[in-house]
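Quick notes on the structure that follows.
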2 protein chains.
Amino acid sequence: MTRVTVQPRSPLTRDRVLRAAVGIADEQGIAALTMRRLGEVVGAEAMSLYHHVSNKEDILDGIAEHVVQEINDVVDGLPAQQDWKQAVRRRILHARAVLLKHPWAPAVFETRKSVIPAVLRYHDGLIGLMRGGGFSNDLCHHALHALGSRALGFSQELFDAGPGDDAAPPPNLAELPYLAEMLMEVVHDDPDSTIGWCDDQFEFEFGLDLILDGLDKIK
Amino acid sequence: MTRVTVQPRSPLTRDRVLRAAVGIADEQGIAALTMRRLGEVVGAEAMSLYHHVSNKEDILDGIAEHVVQEINDVVDGLPAQQDWKQAVRRRILHARAVLLKHPWAPAVFETRKSVIPAVLRYHDGLIGLMRGGGFSNDLCHHALHALGSRALGFSQELFDAGPGDDAAPPPNLAELPYLAEMLMEVVHDDPDSTIGWCDDQFEFEFGLDLILDGLDKIK
DNA sequence: ACCTGAACACCGTTCAAGT
DNA sequence: ACCTGAACACCGTTCAAGT
């Protein structure tokens, strides 16, 4: 008779709950993250979760922290660099790369009631780089505000380049003369697309460099 | 017998529903906007709403459109101005003033699936101003991306200056040397505050001018 | 045509009861 | 101590029935 050693189910912990929550959000979107679904994934009833987290807000706080931790782990491993602008630029682009793996994260960041501790640590690092580059504390402060969410690698677009709503009426370009002309010129290399044709990475770097170059001139 | 002419209750319309929805969101926050509560306010059952809007998403689309309409009405009334930078700057600051009356609006914009038509009209106006200032269509395109949500007057902060969570542990400044030093210097005129001490309007304009000045140099 | 009550399929969360 | 079933107070939405 074979000895079937049943792996004792590892006990539920806050960390296992949060890990599972991140997994659900990554794979099925943040709307799929419900207490009941989360219970299913960790192999327990939804109500058991409340022994390890205080409520759903606590879970959202936790997975936000989790993602920023991941960013900090990446950027802390980057080698030192003499030029502050290159250092800040690279740090932010690495943060962006992590965030692209968790597309739900920006929305969760924005709904947090209190500051995410890991974000403070991230910002502390950015200030360190800028101070090293000759920034005054005052300019560091303005710089963080100017960067806003760009500091963590995401830009806030008014219309997401998501799947779009096919049922929605197409915009009437006759009433939008300047936009129509711009579109015609900008997309003339890529005639298939109308909106959402943009190279997000390029545009992100364009805006980031605009700000970093501006700061460089002030400092 | 007195003729009591009962004011015939004005029939429900999509516009009345949306107006009431904006009112609820303004006064009690977006979370208070439920179908049942909305029904109460317009004096009907929640289920009656479905004859005038297709569902709740449609209501959110509608109130987002409503706010951007309000912005367009304001900025369309602004007198012409020769300097593109001043014109764009003023337009954006007026948009911001409208948005400050509807603090829930940015979050609703971000969750819209398809482009809000009024936002296209707003952007069309901005492009017009920049074209008039000598921008190429290509630069207009990059400029809109660089501005992002700033074009409509709101910046995306990682931590909102909201009421805050008093139960949350205070950040350990010992682990945040640069941030601690910056805070000490920046707030030394206002020793009561620790975080959320910032002059949002000033910081918004600082970031906006950084971008506009940068664009001015490229164009 | 417009409106409604009852019902359905979900939520997050509480609570008393199990082991 | 950790977990659970049943229940509660909400959601958005459907549907058959009213006028």
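By convention in this document, chain letters (A, B, ...) are assigned in the order of the sequence lines, proteins followed by strands, and residues within each chain are numbered from 1.
The nucleotide whose nearest atom lies closest to any side-chain atom of A/Glu45 is, among D/dG5, C/dT13, D/dC11, D/dG5. The listed nucleotides are D/dT4, D/dC3, C/dT4; the one nearest the side chain of A/Ala44 is D/dT4. For B/His52, the side-chain atoms get nearest to C/dC3 when compared with the rest of C/dC3, C/dT13, C/dC11.
In this structure, A/Arg16 atom CZ and D/dC2 atom C1' are separated by 14 Å, rounded to whole Å. When rounded to the nearest whole Å, the span between CE of A/Met35 and P of C/dC10 equals 18 Å. Atom CZ of A/Arg36 and atom C1' of C/dT13 are 9 Å apart (whole Å). As rounded to whole Å, 11 Å separates atom P of C/dC11 from atom CG of A/Leu33. At whole-Å resolution of the value, CD in A/Glu40 and P in D/dG5 are 13 Å apart. One can place CG of A/Leu38 at 14 Å from C1' of C/dC11, the figure rounded to the nearest angstrom. Nucleotide C/dC10 holds its P atom 18 Å from the NZ atom of B/Lys56, rounded to whole Å. The separation between B/Arg37 atom CZ and D/dC11 atom C1' is 15 Å, rounded to whole Å.
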Counting Watson-Crick and G-U wobble pairs with both distances under 3.5 Å, what is the dot-bracket string for DNA chain C, 5' to 3', using [ ] for crossing pairs and | for pairs to another strand? ||.|||||...|||||.||
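Scored by the salt bridge (Lys or Arg N to Asp or Glu O under 4.0 Å) test, B/Asp58 finds B/Arg14 as partners (sequence neighbours excluded). Under the rule for a side chain to side chain contact (heavy atoms under 4.5 Å, CB included), the partners of B/Leu100 that lie at least two apart in sequence or sit in another chain are B/Arg96. Residues passing the salt bridge (Lys or Arg N to Asp or Glu O under 4.0 Å) test with B/Glu175, sequence neighbours excluded: none. With sequence neighbours excluded, the residues satisfying side chain to side chain donor-acceptor pair (under 3.5 Å) with B/Glu205 are B/Arg89, B/Gln201. Residues passing the side chain to side chain contact (heavy atoms under 4.5 Å, CB included) test with A/Thr13 are A/Asp15, A/Arg16, sequence neighbours excluded. Scored by the salt bridge (Lys or Arg N to Asp or Glu O under 4.0 Å) test, B/Arg131 finds A/Glu181 as partners (sequence neighbours excluded).
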Please list, pair by pair, any protein nitrogen or oxygen found under 3.5 Å from a nitrogen or oxygen in nucleotides 14-19 of chain C.
none

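Residue pairs meeting the side-chain hydrogen bond (donor to acceptor under 3.5 Å, both in side chains) criterion with at least one partner in residues 21-47 of chain A, sequence neighbours excluded, are A/Asp26-A/His102, A/Asp26-A/Trp104, A/Gln28-A/Arg37, A/Arg37-A/Glu40.
A/Ser48 has no side-chain polar atom (N or O) that falls below the 4.0 Å cut-off from OP1 or OP2 of D/dC2.
By the 6.0 Å contact criterion, CZ on B/Phe204 is enclosed, its count of non-hydrogen atoms from other residues, nucleotides or ligands being greater than 12.
Checked against the 6.0 Å centroid criterion, the rings of B/His123 and A/Tyr178 do not qualify as a close aromatic pair.
In this model, no side-chain donor or acceptor of B/His51 finds a partner on the base of C/dC2 within 3.5 Å.
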